[in-house]
Visitor: 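Dropping a structure here in structure tokens format, bear with me for questions.
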Amino acid sequence: MYNIAILASGSGSNAENIIRYFQSHTDIRVLEVLSNKSDAYVLERSSKLNVPVRVFNKEEFHSPEFSNRLLKEGITHVVLAGFLWLVPQHLIAAFPNRIVNIHPALLPKYGGKGMYGAKVHESVVAAGEKETGITIHLVNEEYDKGLPLLQATCGLEPGDTADSVAAKVHELEYQHFPRTIENWIIKNQS
Ligand code: GAR
């Protein structure tokens, strides 16, 4: 059995979608959801689906004990689903090529520190882009720089706003993220 820990900072609609996707999976399950925000809605969503949740602070996140605990719990893969902090070196070393992130744009465009959620979509609209999309990628020491596993695109219209772009991008995320995680985990092991 492969065990996922999801790290999320916000609403957690992706986390919920991933939990639901793997609920009846024979080889992969979501073991826990961790958040750096005690009031993040992702905690409520996950609890409702009977997935254990835990909140951590910056000091805990930067201590190697954080990684050791995940390993002891049997976590094999880490999924960042709307997670805001840069991942520390000890976590990358503990889970080499076993951490995946989703970014709501076509990297390398609109990535890097501070590029999160609505800010990404506002920048895309301001630039008059004709298309945007998602990038699912492995995580390394730099924001949004790890190896891409999948990109998917959606077209934009002149009337699109940051909100309408967010809705289109979320649709792509729900469609692709769980399946990409599944393929990545299974392929990694073969
Ligand atoms: C998602 O669109 C995700 O791609 C984005 O945050 C949103 C979280 O939504 N992540 C980033 O911007 C990371 N830089 P959710 O909490 O409803 O899943």
Side-chain angles (χ1 to χ4, degrees), residues 4-23 30 32-49 51 53-56 58 61 77-88 91-92 99-127 129 131-156 160-182 184:
I4 295 173
I6 296 178
L7 271 59
S9 304
S11 161
S13 66
N14 276 287
E16 175 168 349
N17 187 45
I18 294 163
I19 291 168
R20 289 187 187 281
Y21 184 87
F22 289 113
Q23 254 168 354
V30 177
E32 57 184 339
V33 170
L34 311 179
S35 184
N36 58 315
K37 288 200 149 189
S38 58
D39 60 348
Y41 188 50
V42 68
L43 298 170
E44 207 171 312
R45 288 185 194 265
S46 309
S47 298
K48 274 189 191 148
L49 293 167
V51 175
V53 296
R54 180 154 60 89
V55 175
F56 58 87
K58 205 152 221 166
F61 192 49
H77 294 78
V78 176
V79 171
L80 311 185
F83 182 66
L84 287 190
W85 289 351
L86 190 63
V87 172
L91 194 56
I92 292 165
I99 309 176
V100 76
N101 179 46
I102 190 158
H103 187 78
L106 297 169
L107 290 174
K109 283 177 152 187
Y110 307 105
K113 191 169 164 47
M115 272 299 187
Y116 172 77
K119 281 192 193 158
V120 176
H121 308 311
E122 283 158 13
S123 307
V124 165
V125 170
E129 294 283 358
E131 63 169 23
T132 187
I134 60 169
T135 304
I136 298 169
H137 65 93
L138 297 183
V139 171
N140 63 16
E141 303 79 1
E142 291 181 89
Y143 278 109
D144 304 327
K145 289 277 174 67
L147 182 77
L149 298 179
L150 177 126
Q151 289 194 306
T153 61
C154 57
L156 298 178
D160 266 320
T161 62
D163 282 349
S164 67
V165 175
K168 289 181 183 182
V169 165
H170 264 124
E171 275 314 309
L172 285 179
E173 295 185 330
Y174 303 149
Q175 200 185 328
H176 292 285
F177 202 14
R179 215 160 349 126
T180 303
I181 293 168
E182 182 181 27
W184 162 65

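Note: hydrogens, waters and symmetry copies are ignored here, and every other heavy atom, side chains too, is used. First listed ligand is number 1; within each ligand, the first listed atom is number 1.
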Visitor: Would you mind reporting whether Tyr116 and Lys119 have side-chain heavy atoms less than 4.5 Å apart?
Guide: no

Visitor: Keeping the roles fixed (side chain from His103, backbone from Tyr110), state whether a donor-acceptor pair exists under 3.5 Å.
Guide: yes

Visitor: Quick one: does Ile19's side chain get under 4.5 Å of Ile6's, heavy atoms only?
Guide: yes

Visitor: Looking only at distances, can you tell me whether any N or O atom of Asn14, backbone or side chain, sits closer than 3.5 Å to an N or O atom of ligand 1?
Guide: yes

Visitor: Can you sort out which atoms of ligand 1 are near Ser11, meaning under 4.0 Å from one of its heavy atoms?
Guide: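 Near Ser11, meaning under 4.0 Å from one of its heavy atoms, ligand 1 has 16 (O), 17 (O).
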
Visitor: Would one find an N or O of Ala15, backbone or side chain, under 3.5 Å from an N or O of ligand 1?
Guide: no

Visitor: Counting both backbone and side chain atoms, is some N or O of Asn101 under 3.5 Å from an N or O of ligand 1?
Guide: no

Visitor: Where do Leu49 and Glu16 land on the side chain to side chain contact (heavy atoms under 4.5 Å, CB included) test, with the steps shown first?
Guide: CA-CA 8 Å; Leu49 293 167; Glu16 175 168 349; 3.8 Å; yes

Visitor: Can you confirm whether more than 12 heavy atoms, excluding those of Arg54, are under 6.0 Å from its CZ atom?
Guide: yes

Visitor: What protein heavy atom sits nearest atom 8 (C) of ligand 1, and how far off is it?
Guide: Gly82 CA, 3.8 Å

Visitor: Can you tell me which residue and heavy atom of the protein come closest to atom 12 (O) of ligand 1, and the distance to 0.1 Å?
Guide: Gly117 N, 2.9 Å

Visitor: Does even one non-hydrogen atom of Ile102 get within less than 4.0 Å of ligand 1?
Guide: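 Yes, Ile102 has heavy atoms under 4.0 Å from ligand 1.
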
Visitor: Between Asn17 (side chain) and Tyr174 (backbone), is there a donor-acceptor pair under 3.5 Å?
Guide: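 Present.
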
Visitor: If you measure every N/O of Phe83 against every N/O of ligand 1, is any gap under 3.5 Å?
Guide: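 Not met; the criterion fails.
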
Visitor: Using a plain distance cutoff, I'd like to know if Gly12 has any nitrogen or oxygen under 3.5 Å from a nitrogen or oxygen of ligand 1.
Guide: yes

Visitor: List every atom of ligand 1 that sits less than 4.0 Å from any heavy atom of Met115, numbering the atoms from 1 in the order shown and giving each element.
Guide: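 Heavy-atom distances to Met115 below 4.0 Å select 14 (N).
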
Visitor: Would Tyr143 and Leu86 satisfy side chain to side chain contact (heavy atoms under 4.5 Å, CB included), going step by step from the backbone distance to the final call?
Guide: CA-CA 6 Å; Tyr143 278 109; Leu86 190 63; 3.7 Å; yes

Visitor: Classify the ring geometry between Phe56 and Trp85 as parallel (under 30°), tilted (30 to 60°) or perpendicular (over 60°).
Guide: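 Answer is perpendicular, since the angle exceeds 60°.
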
Visitor: Return a yes/no value for Tyr116: is any of its N or O atoms, backbone included, closer than 3.5 angstrom to an N or O of ligand 1?
Guide: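 In this structure, Tyr116 places no N or O atom under 3.5 Å from an N or O of ligand 1.
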
Visitor: Looking at atom 17 (O) of ligand 1, what's its closest protein heavy atom, distance included?
Guide: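 For atom 17 (O) of ligand 1, the nearest protein heavy atom is Ser13 OG, 2.5 Å.
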
Visitor: With a 4.0 Å heavy-atom cut-off (strictly under), which part of His170 contacts ligand 1: side chain, backbone, both or neither?
Guide: side chain

Visitor: When you measure from the side chain of Ser9 to the backbone of Leu84, do you find a donor-acceptor pair of N or O atoms at a distance under 3.5 Å?
Guide: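 The answer is yes, because a donor-acceptor pair under 3.5 Å joins these two groups.
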
Visitor: Looking at atom 4 (O) of ligand 1, what's its closest protein heavy atom, distance included?
Guide: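 Result: Glu173 OE2, 2.4 Å.
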
